[in-house]
2 protein chains.
Amino acid sequence: MGRELDLPLDTVLVGDCITVMAALPPASVHAIFADPPYNLQLSGTLHRPDNSEVDGVDAEWDRFPDPAAYDAFTRAWLAEARRVLRRDGTLWVIGSYHNIFRVGAALQDLGFWILNDIIWRKSNPMPNFRGRRFTNAHETLIWAARERGSRYRFNYEAMKSLNDDVQMRSDWTFPICTGPERLRDAAGAKLHPTQKPEALLHRVILACTNPGEVVLDPFFGTGTTGAVAKRLGRRFIGIERDEAYVRAARARIDAVVPVSDERLAATPSRREAPRVAFGAVVEAGLIAPGAVLWDRTRRVSATVAADGSLRAGHERGSIHRIGALLSGAPSCNGWTFWHYEDRGRLLPLDVLRSRLRPLE
Amino acid sequence: MGRELDLPLDTVLVGDCITVMAALPPASVHAIFADPPYNLQLSGTLHRPDNSEVDGVDAEWDRFPDPAAYDAFTRAWLAEARRVLRRDGTLWVIGSYHNIFRVGAALQDLGFWILNDIIWRKSNPMPNFRGRRFTNAHETLIWAARERGSRYRFNYEAMKSLNDDVQMRSDWTFPICTGPERLRDAAGAKLHPTQKPEALLHRVILACTNPGEVVLDPFFGTGTTGAVAKRLGRRFIGIERDEAYVRAARARIDAVVPVSDERLAATPSRREAPRVAFGAVVEAGLIAPGAVLWDRTRRVSATVAADGSLRAGHERGSIHRIGALLSGAPSCNGWTFWHYEDRGRLLPLDVLRSRLRPLE
DNA sequence: ATAAGAAGTGAATCTTACT
DNA sequence: GAGTAAGATTCACTTCTTA
């Protein structure tokens with residue numbers, strides 16, 4: 001150990017990450033967090049239903065001539081990253097379905113040993129405006145050791161206490177980076193199209209490093225990794241090609257005040273788990289498609305569809321909407337309004353929901 | 001269309017899925033759900049803190065001599081699956097971090113076009129007994145079209161209904177398969193180590209097929225796909241090597257009672273409703289030639305001509321073209337943009353259109 | 001000043017039918 | 001197949017504007 005002494009600590013190195021990493025000593029950093037280009041392959045412009053234009057990622061750095069070029073780039077930077085990583089170090093990479101399968105296969109081929117894949121569930125993702133796919137509401141992180149059998153660091157207890165004293169799971173919920181945290185220029189435009197939330201880096205850095213250890217970020221951007229590392233008393237090395245990003249990152253990190261005691265560094269609170277949809281009750285087989293629901297007094301009824309909607313006459317909709325419609329009320333809580341028959345007795349739907357609730 | 005007639009519908013074919021698929025006609029199935037071996041590469045036996053032994057996956061079918069053999073197997077079955085899939089069909093594959101990156105890269109290489117990656121969040125995962133990693137609390141599904149630009153089926157409204165009328169996201173929460181749903185032998189042992197919950201298949205099948213369409217499952221196991229397909233009024237083809245699994249699957253599926261009314265299976269989509277020309281609304285006398293239409297905020301207006309065109313200033317055209325013109329948008333849905341006055345209130349043209357559409 | 005309403009926005013592989 | 005026109009489509013949150 002001890003190669004850290006040769007490292008340019010707490011600095012941002014300007015240049016291509018493959019070249020710059022090649023100049024760093026081998027086996028010298030404790031952790032690497034990488035947010036490489038996703039190679040989104042967007043074409044044309046996308047409009048919201050209100051006809052406003054979506055400001056998609058069209059940066060030069062996300063364009064590759066073809067899939068083979070992206071693969072070659074991926075394998076090149078991963079190989080350098082592996083060389084620079086200590087034997088007990090770990091690597092994190094974040095991506096989406098566009099690139100993450102290629103990244104994952106490449107790092108397995110290079111000898112990395114995957115420890116977990118982690119899902120960042122976005123509490124406020126952008127919707128799918130055309131209704132042609134599922135809302136893309138998550139991104140994937142891969143966490144890997146340098147090699148099979150290595151004695152990597154994992155701060156199990158820290159993760160457990162972050163999670164109300166139950167084991168931290170592989171799905172993490174955070175909002176996307178907005179509001180005052182999002183770096184903007186004087187005109188209010190975002191400085192970087194894909195700035196990551198600090199809460200995500202907080203958990204990553206806390207999980208796999210101790211205070212004083214070194215985190216390398218080869219795609220530093222506007223420096224989220226550096227800002228969080230400094231706040232948590234870790235050392236960082238950033239590598240970034242774009243000088244405008246580098247300037248923003250340096251100013252941002254200069255303003256960060258480290259926490260006096262890293263045990264005091266609380267993570268932002270978790271978002272509530274999503275509510276139970278009536279569709280989930282149908283999927284779980286707790287009520288069958290075709291079943292008839294009644295109000296408490298059996299004055300009105302409706303039929304359950306396989307997709308969790310209700311049908312009453314020619315009307316179709318959610319348990320809440322159909323309940324409101326048939327009771328003539330402006331709104332309605334379908335969970336308490338509608339009842340199902342169980343051995344001759346009417347029980348509110350809420351009874352079924354509560355069977356799914358403890359599992360959430 | 002029509003190749004379905006040559007298919008061995010609602011049967012389980014015994015044999016290796018690559019060989020068996022090779023004997024099926026091309027472009028003949030609407031959807032494929034595949035739960036291939038995960039190549040877990042387990043070594044040794046895992047014990048819980050109380051020293052009880054974890055009953056892991058150690059089946060022969062999950063053992064491959066080396067990573068290259070797993071890749072070759074993956075590409076072979078995916079290539080056959082792609083041949084058998086209709087041009088408008090879609091493929092689902094489920095996996096974990098052990099294999100999903102290799103599967104994803106392979107299917108991209110073969111020309112499939114990924115539509116989403118879907119996270120199955122397990123509400124009750126097995127904990128990590130050693131405390132050396134995050135609890136592996138999810139599995140990943142990839143949903144892919146046969147090729148880029150294909151007109152695949154996606155029952156958007158059905159998915160939205162399942163989720164209390166908000167877009168279905170890419171993260172789905174279900175419990176793992178336990179309790180009475182889990183198939184067991186007389187001694188109480190699990191019949192299959194990785195039986196998937198029916199709720200998961202319910203959502204998958206509802207998302208990408210219509211009643212009567214064909215779902216192929218090349219790794220049929222104990223037949224979850226067949227059971228759910230039958231219940232939802234879809235046709236299925238299962239392929240499975242292990243005769244014990246096949247026997248269990250057949251018995252299980254025989255006991256399934258289909259949903260009585262297949263119209264219950266999905267919320268109809270506006271996209272597939274028959275088109276109504278605005279001229280038909282004028283002809284039906286629902287709005288008079290010369291009537292004035294407004295946008296929602298009364299900022300712009302236009303006049304209805306007897307032929308169903310609109311006139312605004314010197315411009316004349318369809319409700320859509322004039323709407324786009326006056327709102328400065330690249331396109332416009334005239335049915336929702338334009339409003340007519342009814343007793344002092346502005347109502348969208350859509351209200352008139354729905355009066356001409358047959359009730360369904 | 002405050003509340004209500006309108007407008008803006010986020011790693012996006014985002015249509016379909018007819019001529 | 002290419003070109004054109006019809007027409008379907010959004011969630012959670014923040015910030016700005018108006019009453």
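In what follows, chains are A, B, ... by sequence order, proteins preceding strands, each numbered from 1.
- Between the P atom of D/dA8 and the CZ atom of B/Phe154 lies a distance of 18 Å, rounded to the nearest Å.
- Each of D/dC11, C/dA11, D/dA8 was ranked by its minimum atom distance to the side chain of B/Arg357; first place goes to D/dA8.
- Whole-Å rounding puts the A/Asn39 CG to C/dA11 C1' distance at 12 Å.
- Here, C/dT13 and D/dC13 have their C1' atoms 25 Å apart, quoted to the whole Å.
- Using N1 to N3 plus N6-O4 or O6-N4 for Watson-Crick, or N1-O2 and O6-N3 for G-U wobble, each under 3.5 Å, C/dT13 pairs with nothing.
- Atom OH of A/Tyr38 and atom P of C/dG10 are 16 Å apart (whole Å).
- Nucleotide C/dA7 holds its P atom 10 Å from the CG atom of A/Asp50, rounded to whole Å.
- For the pair B/Trp335 and A/Arg48, both in contact range of DNA chain D, the more 5′-proximal nearest nucleotide belongs to B/Trp335.
- The aromatic rings of B/Phe101 and A/Phe101 sit tilted, their planes meeting at an angle between 30° and 60°.
- Across all strands shown, A/Trp120 has no heavy atoms under 4.0 Å from either base or sugar-phosphate atoms.
- Centroid-to-centroid, the aromatic rings of A/Trp92 and A/Trp143 come within less than 6.0 Å.
- Under the 90° criterion around 0 for the glycosidic angle, C/dT13 counts as syn.
- Contact annotation: A/Lys190 reaches the phosphate of C/dG10 (side-chain N/O to OP1 or OP2, under 4.0 Å).
- Going from the C1' atom of C/dA11 to that of D/dT15 covers 23 Å, rounded to whole Å.
- Distance CG (B/Asn333) to P (C/dT16): 15 Å, rounded to an integer number of Å.
- Listed candidates were C/dA11, C/dT16, D/dT10. Nearest to the side chain of A/Asp35 is C/dA11.
- Spacing between C/dG10 and D/dG7 at atom C1', rounded to whole Å, works out to 26 Å.
- Of the N and O atoms on the side chains of B/Asp117 and A/His138, at least one donor lies less than 3.5 Å from an acceptor on the other residue.
- One finds a side-chain N or O of A/Arg184 lying less than 4.0 angstrom from the OP1 or OP2 phosphate oxygen of C/dG10.
- For D/dT14, neither phosphate oxygen OP1 nor OP2 lies less than 4.0 angstrom from any side-chain nitrogen or oxygen of A/Thr178.
- OP1 or OP2 of C/dT16 has not a single side-chain nitrogen or oxygen of B/Tyr152 nearer than 4.0 Å.
- The distance between atom CZ of A/Arg121 and atom P of D/dC11, rounded to the nearest whole Å, is 16 Å.
- Taking the P atom of each, D/dT9 and C/dG8 are spaced 23 Å apart, rounded to whole Å.
- Residue-to-nucleotide proximity on DNA chain C shows that, of A/Arg182 and A/Arg132, the 5′-proximal contact is made by A/Arg182.
- Of all heavy-atom pairs spanning B/Asp295 and B/Leu346, the tightest one is O-CD1, 3.8 Å.
- Once rounded to the nearest 0.5 Å, the distance linking CZ of A/Arg241 with CG of A/Asp16 reads 6.5 Å.
- Residue side chain A/Arg130 reaches the base of D/dA8 through a donor-acceptor N/O pair under 3.5 Å, judged by distance alone.
- Separation of the P atoms belonging to C/dC14 and D/dA5 is 23 Å when rounded to the nearest angstrom.
- Of the side-chain N and O atoms in B/Lys160, one or more sit less than 4.0 angstrom from OP1 or OP2 of D/dT10.
- The base-pairing partner of D/dC16, taking Watson-Crick or G-U wobble contacts with both distances under 3.5 Å, is C/dG5.
- Here D/dT9 sits opposite no nucleotide as a Watson-Crick or G-U wobble pair (both hydrogen-bonding atom distances under 3.5 Å).
- A/Thr194 comes within contact range of at least one nucleobase, with a heavy-atom separation under 4.0 Å.
- With C/dT13, D/dC11, D/dT9 as the choices, the nucleotide that has an atom nearest any side-chain atom of A/Gln41 turns out to be C/dT13.
- With C/dA11, C/dT13, D/dC11 as the choices, the nucleotide that has an atom nearest any side-chain atom of B/Val166 turns out to be D/dC11.
- At D/dA5, none of the side-chain N or O atoms of B/His320 fall inside 4.0 Å of OP1 or OP2 (strictly under the cut-off).
- In this model, no side-chain donor or acceptor of B/Arg271 finds a partner on the base of C/dT15 within 3.5 Å.
- Interface remark: the A/Lys196 side chain does form a donor-acceptor pair with the C/dA11 base, using a distance-only criterion of under 3.5 Å.
- When distances run from any side-chain atom of B/Arg353 to the nucleotides C/dA12, D/dG7, C/dA11, the shortest one goes to D/dG7.
- Across the interface with DNA chain D, nearest-nucleotide mapping of A/Gly179 and A/Pro49 shows A/Pro49 to be the residue nearer the 5′ end.
- Residues of residues 102-117 of chain B that place a heavy atom closer than 4.0 Å to DNA chain C, in numerical order, are B/Trp113, B/Ile114.
- The distance between atom CG of A/Asn124 and atom P of D/dC13, rounded to the nearest whole Å, is 6 Å.
- Computed from coordinates, the B/Asp88 CG to C/dA17 P distance equals 11 Å when rounded to whole Å.
- Remark: A/Asn128 is not in phosphate contact with C/dC14, judged by side-chain N or O atoms under 4.0 Å from OP1 or OP2.
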